[in-house]
Novice: 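Just passing along the structure, written as structure tokens.
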2 protein chains.
Amino acid sequence: MSNADRHGLIAKAVRDSGGATVQELAELTGASEMTIRRDLDTLAAQGVLERVRGGARTLLLRGEEPPFALRAHEAVDAKRRIAAEISALVADGESILLDSGTTCLEVARLLRERPVTVMPLSLQAVHLFAETPGPATLVVPGGQPRAAEGALTGPLTLASLAALRFDTAVIGCCGLSAADGLTAYDLDDAAVKKAAIASARRILVATDGGKLGRTAYAYVGPSSLLHTLVTDATAPADEIAALEGAGTLVKTV
Amino acid sequence: MSNADRHGLIAKAVRDSGGATVQELAELTGASEMTIRRDLDTLAAQGVLERVRGGARTLLLRGEEPPFALRAHEAVDAKRRIAAEISALVADGESILLDSGTTCLEVARLLRERPVTVMPLSLQAVHLFAETPGPATLVVPGGQPRAAEGALTGPLTLASLAALRFDTAVIGCCGLSAADGLTAYDLDDAAVKKAAIASARRILVATDGGKLGRTAYAYVGPSSLLHTLVTDATAPADEIAALEGAGTLVKTV
DNA sequence: CCTTTCGAACATTAGTAATGTTCGTTACGG
DNA sequence: CCGTAACGAACATTACTAATGTTCGAAAGG
């Protein structure tokens, strides 16, 4: 069992039952108590759970966004396929604005090998491009990194977006429905997404099916702004139909 | 012998004699020819040297800036001491603009542990802050990363600088003398440094003694703009005296 | 056309990270 | 104030990964 697998198990167990003791988790995972303690420290540092004497407790009593460290390992296959489709929709030479989020990070991995100009809105993606120099040209937006993901937000980000125009924006989302439009968990994020959409000629949305029909609390804009949505087979059919009715081209991979 | 040591040896041998064969380098380092070939590929990718059949050739026939990958391992001790002194000159709570360069990267390492707001002008430093969350607040400037170091340049960087004001700017340099002022190897870099100096109330310069009295080709500004210079004992005494005469406080560590 | 160099593929080694164990210290409950 | 359980530092051990060396067929140069 890999390190990440065990972390996932622990996080799930703690979230499902609201809390767990070190002993229980050691039994569940087959690891020693010491290892569990170290894992709990790591997860607590990532904001996944709260450490208490004898075990750990969930932090997610409110309907919050799950921590990035966890989301990154969920539905990786679907994200890869979605990212591949997005990459296929992009032509060589385009200038591309890349939103934050785990799905967009997969898109970044693919775009590294393409002769395109990319401005990523998360530090994680910036690192990706900076570490492995490829044919792609990197432009870094200003801003203040938010949370573990390094999503860039704030006036500097908005100013960077206002100063540039892109052929294509690849947007991720926390919630999307025909009725409530595109929504995000965070007000600052929503402002950035709004500006991103305004700075690009063509808007692609990349999101797994679980986000469709859901509504987060910060409103970004109506679904009619979105030209193409790439999602996976878990997306509810009625929601897809509604979005297509509103003028968005939907691709399921 | 560590990997980096061997790379240093190879780079030095190639630079000193203008070129070397794989056999010579294998003999010099005690490693196998295959390892040398792999090293040469790596160094060529970093722009340290040029690969030719049978060996490698130096690229530095003109008076260019040595590659970042090499500079990072030179005079590390002096850079650490200079960085420590710079850190001591900074008070908790300040907002700090941090230039690109290897010396400033050492300053970044120390500032991570301090409750300050930092905007680094290189991606390497941005990574440093993003990876290890500490008490420091990170602000990312926009821009296009230049070369291996990730020095941010261009209109987005200048716009980010124009939008903000800092308590202190920590500037690195390629050349500094009382007669020719502060100079850089690259025009874009020089423009960024100029804007950085204009955006801060107090200007600290961190540079090893080897840069004093030297002049690179892109002019940034006169030495009178600089409030404090921190350098090491290898700095020529006459140059220090001249800079002090022009109004700069010089600290030797 | 021959020689030398190159680099892919695998074997081997060195180095590093993860895990487990022990044991003294610390925090909570009575 | 004491006892018990939990904690975490320090070390031993294991597992993994990266680095290096070897071999050999292919490719480049003269």
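Lettering of chains follows the sequences in order, A, B, ..., and the numbering in each one begins at 1. What you see is a predicted model; the values in this text were computed from it and never measured.
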Novice: Going by side chain to side chain donor-acceptor pair (under 3.5 Å), B:Ser87 matches just one of B:Arg114, B:Glu106, B:Arg109. Which one?
Specialist: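 Passing option: B:Arg114.
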Novice: Quick one: A:Ile36 CD1 to D:dG8 P, roughly how many Å, whole number?
Specialist: 14 Å
Novice: Establish, with yes or no, whether the OP1 or OP2 oxygen of C:dG7 is under 4.0 angstrom from a side-chain nitrogen or oxygen of B:Arg37.
Specialist: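 Answer is no, no contact under 4.0 Å.
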Novice: Should the pair A:Asp186-A:Arg146 be classified as a salt bridge under the 4.0 Å nitrogen-to-oxygen rule?
Specialist: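 Looking at A:Arg146 together with A:Asp186, the answer is yes, because their closest N to O distance falls below 4.0 Å.
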Novice: Is the phosphate of C:dT19, meaning OP1 or OP2, less than 4.0 Å from a side-chain N or O of A:Arg6?
Specialist: yes
Novice: At under 4.0 Å between heavy atoms, how does the protein contact nucleotides 22-28 of chain D? Give one character per nucleotide, 5' to 3', with B, S or -.
Specialist: B----BB
Novice: Sequence neighbours left out, what passes salt bridge (Lys or Arg N to Asp or Glu O under 4.0 Å) with A:Glu24? Give chain and number order.
Specialist: none
Novice: Establish, with yes or no, whether the OP1 or OP2 oxygen of D:dA6 is under 4.0 angstrom from a side-chain nitrogen or oxygen of A:Gln23.
Specialist: yes
Novice: Within this structure, what is the CG-to-P distance between A:Leu25 and D:dA6, rounded to whole angstrom?
Specialist: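 The distance from CG of A:Leu25 to P of D:dA6 comes to 13 Å, rounded to the nearest Å.
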Novice: Counting only side-chain N and O atoms of B:Asn3, is one of them less than 4.0 Å from OP1 or OP2 of D:dT20?
Specialist: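 B:Asn3 to D:dT20 OP1/OP2: side-chain N or O found under 4.0 Å.
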Novice: I'd like to know if A:Asp232 pairs up with A:Arg81 as an ion pair, taking the criterion as any Lys NZ or Arg NE/NH1/NH2 lying under 4.0 Å from an Asp or Glu carboxylate oxygen.
Specialist: no
Novice: Do any pairs count as a salt bridge (charged side-chain N to carboxylate O under 4.0 Å, His left out) and have a residue in residues 124-140 of chain A, sequence neighbours left out, and if so which ones?
Specialist: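 Residue pairs with at least one partner in residues 124-140 of chain A: there are none.
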Novice: Please tell me if the side chains of A:Leu152 and A:Leu123 come closer than 4.5 Å, counting only heavy atoms from C-beta onward.
Specialist: yes
